[in-house]
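Throughout, a chain's letter reflects where its sequence line sits, starting with A, and its residues are numbered from 1. For clarity, every value in this text was computed on a predicted model and none was experimentally measured.
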Amino acid sequence: NAGVTQTPKFQVLKTGQSMTLQCAQDMNHEYMSWYRQDPGMGLRLIHYSVGAGITDQGEVPNGYNVSRSTTEDFPLRLLSAAPSQTSVYFCASTRGVNTEAFFGQGTRLTVV
Amino acid sequence: GENVGLHLPTLSVQEGDNSIINCAYSNSASDYFIWYKQESGKGPQFIIDIRSNMDKRQGQRVTVLLNKTVKHLSLQIAATQPGDSAVYFCAENRHTGNQFYFGTGTSLTVIP
C-alpha cells in the first residue's frame, strides 16, 4: 500500500491563478480531510468528507472547494489563489470513527 | 472558537532523560485523542492514541495520560533519543465528521 499520496510536492502560483491539489489513498478509507499548516501553528481543518459524494466544511474553508466522486480521491481546488493561501497542505484519511488519521507528505504552496 | 492548545512551545532535554509534553483541550465532548510526531518536511506520524474511557495508555517508550477533569493530555517519552527530536502535536476528535483538531505543537530538541 502506498498510503496517502499527494501531488504535487511543491507549487508556486501567481495571485489569481487556480489549481488543484491531488490526494489519493489506497486503503479504502471512508473519511478524508484537508489541512493547512502555517508557521508556528498547528494543522487547521479546511474541508472533510465522510464518504464518496459527501463533503463538509472545516475551520478554514474560504477560498477552497472539494469534491469526492470516488472513495480513493479527494482533490482540493483553489479557484483564485491569494498570498494568504501560502502554506503547507496535508491530506489525511481515516478508516473509521475514533481511529488514527494517516497523512500524506504534504504540498508546499507559495502564492506570489 | 475552541482550540487545542499546548503549554510549552519548545522543550530541550538531554539524551537519555525523560520528556513530558503537555496539551490542554477545551471540548469536553471529545472522546478520542492522538499524539502525532512531525519531522521537518514530513507529514504527521501517529505515536499513540487514547480513548476517553481510559486515563493512561502505554506504548514503546511512550505513555499518554488523560485527565478529563481538567481537560489535559500529556505525552511522556522515556529515555529520549536524538531521533525523538521533532514537533509533537496533540489532536482531539470532536466526533463531527470524525475529524481531528490540532494544537499548535511543541518542538522537542534532544541534546546529545
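- The shortest side-chain heavy-atom distance between A/Tyr35 and B/Phe100 falls under the 4.5 Å cut-off.
- The two residues A/Thr99 and B/Ile34 have their closest heavy-atom pair at O-CD1, 4.4 Å.
- Tracing side-chain contacts under 4.5 Å through hydrophobic residues (I, L, V, M, F, W, Y), one reaches A/Tyr64 starting from A/Val60; they form part of the same cluster.
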For the pair A/Phe102 and B/Gln45, evaluate side-chain contact (heavy atoms from CB on, under 4.5 Å) and give the outcome as yes or no after the intermediate values. CA-CA 7 Å; A/Phe102 292 81; B/Gln45 293 177 280; over 6 Å; no
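- When hydrophobic clusters are built by joining Ile, Leu, Val, Met, Phe, Trp and Tyr residues whose side-chain heavy atoms come closer than 4.5 Å, directly or via intermediates, A/Val4 is not grouped with A/Tyr48.
- When the shell of 6.0 Å around CZ of A/Arg108 is examined, it contains 12 or fewer heavy atoms from other residues, nucleotides or ligands.
- Both A/Ile54 and A/Tyr31 belong to a single network of hydrophobic side chains, linked directly or stepwise wherever heavy atoms of I, L, V, M, F, W or Y lie under 4.5 Å apart.
- Heavy atoms closer than 4.5 Å to chain B are found in both the backbone and the side chain of A/Val97.
- Listed options A/Gly106, A/Ala92, A/Gly96 were ranked by heavy-atom pairs under 4.5 angstrom with chain B; first place goes to A/Gly96.
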As a quick check of understanding, evaluate side-chain contact (heavy atoms from CB on, under 4.5 Å) for B/Phe46 and A/Phe103, giving each step before the final call. CA-CA 9 Å; B/Phe46 173 90; A/Phe103 285 83; over 6 Å; no
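- Distance alone, capped at 3.5 Å, places no donor-acceptor pair between the B/Tyr101 side chain and the A/Leu45 backbone.
- Residue-environment remark: CZ (A/Arg95) stays at or below the threshold of 12 foreign heavy atoms within 6.0 Å.
- Within the model, atoms CG of A/Asn98 and OG of B/Ser52 stand 8.0 Å from one another, a figure rounded to the nearest 0.5 Å.
- If you measure heavy-atom distances from B/Phe33 to chain A, you find no contacts under 4.5 Å at all.
- Of the listed residues (A/Gln105, A/Arg44, A/Glu100), the one with the most heavy-atom contacts under 4.5 Å to chain B is A/Glu100.
- Cluster membership for A/Trp34 and B/Phe102, using ILVMFWY side-chain heavy atoms within less than 4.5 angstrom, is not shared.
- If you measure heavy-atom distances from A/Leu43 to chain B, the contacts under 4.5 Å come from both the backbone and the side chain.
- Once rounded to the nearest 0.5 Å, the distance linking NE2 of A/His47 with CD of B/Gln99 reads 12.0 Å.
- With a 4.5 angstrom heavy-atom cutoff, A/Glu30 does not touch chain B via any of its atoms.
- Both B/Leu108 and B/Ile48 sit in one connected hydrophobic cluster of ILVMFWY residues. Membership requires side-chain heavy atoms under 4.5 Å apart, directly or through other members.
- Between A/Phe90 and B/Gln38, the closest side-chain pair of non-hydrogen atoms falls below 4.5 Å.
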